[in-house]
*Asks:* 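Quick one: this structure, given as structure tokens, is what I'll be asking you about.
Side-chain atoms are counted along with the backbone in the values below, which use heavy atoms only and exclude waters and symmetry mates. Bear in mind the structure is a predicted one, so any value in this text is a computation, not a measurement.
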Amino acid sequence: MTGSETTRRLRGGCLCGAVEYVVTDAFEYALNCHCSNCRRATGSAFKAFASIERASLELVKGADGVLIYGDEQGAHDVHCATCGSLLHSVVREGRYVHVTMGTLTDAPSIRPTAHIFVGSKAPWHEITDGLPAYDEFPDV
């Protein structure tokens, strides 16, 4: 990137508006996860997420109003404590976040490129978009 170029910042937040974040539009990959944990956390057939280094995401409103589910020092999910929206998951020894794409207010430049953990997908959901599907997490 040259000095004249700037990386776009995207806005996002929870359902009730208590928590808002900004994140750099420089995601490394985006996937649709069908594991049972993501299905339960989102209440949907899968979680669409985009991965980026943790330092690229900043809570700009309501940082004191989040609920951490999981190991606070390691992998965990960050929810709004008021409405329960799943905002992101901290992964890979705390170095990265998987931002739930449904909480983004602004459209990211990346799109999901595959479905993962389809070995445990909901039996009532059929994947029809033609993206590659993996039983577990692929090398990305």
Side-chain angles (χ1 to χ4, degrees):
M1 180 171 6
T2 67
S4 62
E5 296 177 24
T6 58
T7 303
R8 203 175 100 186
R9 302 278 283 169
L10 305 173
R11 296 172 296 127
C14 66
L15 175 64
C16 73
V19 181
E20 295 177 0
Y21 65 85
V22 293
V23 64
T24 307
D25 189 15
F27 295 105
E28 293 185 19
Y29 56 87
L31 300 167
N32 295 321
C33 184
H34 294 263
C35 79
S36 60
N37 288 338
C38 285
R39 287 189 285 114
R40 287 184 184 109
T42 62
S44 63
F46 57 89
K47 175 177 82 172
F49 71 87
S51 183
I52 195 162
E53 289 184 8
R54 189 175 184 180
S56 297
L57 183 137
E58 177 188 359
L59 292 177
V60 294
K61 179 182 174 189
D64 58 343
V66 297
L67 170 70
I68 294 176
Y69 181 78
D71 178 6
E72 194 164 337
Q73 302 306 314
H76 61 267
D77 290 339
V78 176
H79 295 260
C80 170
T82 302
C83 68
S85 295
L86 172 58
L87 300 164
H88 65 273
S89 302
V90 175
V91 297
R92 295 167 63 184
E93 292 82 40
R95 295 185 331 267
Y96 283 80
V97 291
H98 286 170
V99 176
T100 50
M101 295 179 77
T103 65
L104 286 165
T105 304
D106 301 319
S109 57
I110 198 168
R111 300 292 181 267
T113 58
H115 295 271
I116 60 172
F117 293 100
V118 298
S120 60
K121 76 172 192 61
W124 47 264
H125 176 70
E126 190 171 332
I127 299 171
T128 60
D129 59 16
L131 292 176
Y134 300 94
D135 282 343
E136 294 184 359
F137 198 95
D139 292 328
V140 289

*Asks:* Identify the two heavy atoms, one from Thr7 and one from Ala26, that lie closest to each other, and give their separation to 0.1 Å.
*Replies:*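 Here Thr7 and Ala26 meet closest at CG2-CB, 4.2 Å.
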*Asks:* Is there a donor-acceptor contact under 3.5 Å linking the side chains of Thr24 and Arg9?
*Replies:*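 Their side chains do contain a donor-acceptor pair, which is all the 3.5 Å distance test asks for.
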*Asks:* Would you confirm whether His79, through its side chain, and Leu67, through its main-chain N or O, come within 3.5 Å as a donor-acceptor pair?
*Replies:*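 The answer is no, because no donor-acceptor pair under 3.5 Å joins these two groups.
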*Asks:* Once the angle between the rings of His115 and His34 is folded into 0 to 90°, is it parallel (under 30°), tilted (30 to 60°) or perpendicular (over 60°)?
*Replies:*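 Geometry flag for His34 against His115: tilted rings.
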*Asks:* Can you give me the closest heavy-atom contact between Phe46 and Arg39, atom names plus distance?
*Replies:*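 Smallest interatomic distance, heavy atoms only, reads N-CG, 4.3 Å.
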*Asks:* Of all the heavy-atom pairs spanning Cys83 and Leu15, show the shortest one and how long it is.
*Replies:*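 Where Cys83 meets Leu15 most closely, the heavy atoms are SG-N, 3.6 Å.
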*Asks:* Using 30° and 60° as the class boundaries, would you call the ring planes of Phe137 and Phe117 parallel, tilted or perpendicular?
*Replies:*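 Rings of Phe137 and Phe117: tilted, as their planes differ by 30° to 60°.
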*Asks:* Mind checking whether Asp135 and Val118 have side chains closer than 4.5 Å, heavy atoms only?
*Replies:*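 Result yes, sub-4.5 Å side-chain heavy-atom pair found.
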*Asks:* Are the side chains of Phe27 and Val99 in touch, meaning some heavy atoms are under 4.5 Å apart?
*Replies:*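 In contact.
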*Asks:* Less than 4.5 Å apart, side chain to side chain, heavy atoms only: is that true for Asp106 and Arg8?
*Replies:*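 Yes, at least one pair of side-chain atoms sits under 4.5 Å.
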*Asks:* Nearest 0.5 Å please: distance from the CD1 atom of Ile110 over to the CG atom of Leu31.
*Replies:*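 Between atom CD1 of Ile110 and atom CG of Leu31 there are 8.5 Å.
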*Asks:* Is there a side-chain contact between His76 and Asp71 in this structure, where contact means two heavy atoms from C-beta onward sitting under 4.5 Å apart?
*Replies:*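 No - every pair of side-chain heavy atoms lies 4.5 Å or more apart.
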*Asks:* Is Leu86 reachable from Val23 through a run of I, L, V, M, F, W or Y residues, each pair having side-chain heavy atoms under 4.5 Å apart?
*Replies:*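 Shared cluster, no.
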*Asks:* Does Met101 reach the side chain of Pro112, with side-chain heavy atoms less than 4.5 Å apart?
*Replies:*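 Met101 reaches Pro112 side chain to side chain.
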*Asks:* Using side chain to side chain donor-acceptor pair (under 3.5 Å) as the criterion, list what pairs up with Thr113, not counting sequence neighbours.
*Replies:*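 In terms of side chain to side chain donor-acceptor pair (under 3.5 Å), with neighbours along the sequence ignored, Thr113 is linked to no residue.
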*Asks:* Does any part of the side chain of Phe49, heavy atoms only, come nearer than 4.5 Å to the side chain of Ile116, both counted from C-beta?
*Replies:*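 Touching, per the 4.5 Å side-chain cut-off.
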*Asks:* Atom OG in Ser51, atom CZ in Arg95: separation rounded to 0.5 Å?
*Replies:*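 Here the rounded value is 10.0 Å.
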*Asks:* About how many Å separate CG of Leu10 and OG of Ser109, when rounded to the nearest 0.5 Å?
*Replies:*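 Answer for the OG-CG pair, Ser109 versus Leu10, is 7.5 Å.
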*Asks:* Calculate, to the nearest 0.5 Å, the distance between atoms SG and NE2 belonging to Cys33 and His98 respectively.
*Replies:*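 Nearest 0.5 Å value for the SG-NE2 distance: 9.0 Å.
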*Asks:* Please give me the minimum heavy-atom distance between Ile127 and Lys121, naming the atom from each residue.
*Replies:*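 Heavy atoms only, the tightest pair is CD1-CD, 4.0 Å.
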*Asks:* Would you say the side-chain atoms of Ser89 pair up with the backbone N or O of Asp77, donor to acceptor, closer than 3.5 Å?
*Replies:*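 A pair under 3.5 Å: no.
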*Asks:* Check whether any side-chain heavy atom of Leu104 sits under 4.5 Å from a side-chain heavy atom of Tyr21, and report yes or no.
*Replies:*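 Side-chain contact under 4.5 Å: yes.
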*Asks:* Please give me the minimum heavy-atom distance between Lys61 and Gly17, naming the atom from each residue.
*Replies:*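 In this case the closest contact between Lys61 and Gly17 is NZ-O, 2.9 Å.
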*Asks:* Taking only residues two or more places apart in sequence, or in another chain, which ones meet Glu53 in a side chain to side chain donor-acceptor pair (under 3.5 Å)?
*Replies:*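 Result, side chain to side chain donor-acceptor pair (under 3.5 Å) vs Glu53: none returned.
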*Asks:* Can you tell me how far the CZ atom of Arg11 sits from the OG1 atom of Thr105, to the nearest 0.5 Å?
*Replies:*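 Between atom CZ of Arg11 and atom OG1 of Thr105 there are 5.5 Å.
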*Asks:* Can any side-chain N or O of Lys47 pair as donor or acceptor with the backbone N or O of Asn37 at less than 3.5 Å?
*Replies:*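 Looks like no, no N/O pair under 3.5 Å.
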*Asks:* Could you tell me whether a side-chain N or O of Ser85 sits under 3.5 Å from a main-chain N or O of Cys80, the two making a donor and an acceptor?
*Replies:*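 No; zero donor-acceptor contacts below 3.5 Å.
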*Asks:* Can you tell me how far CG of Leu57 sits from CG of Leu87, rounded to the nearest 0.5 angstrom?
*Replies:*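 Interatomic distance, Leu87 CG to Leu57 CG, rounded to 0.5 Å: 8.5 Å.
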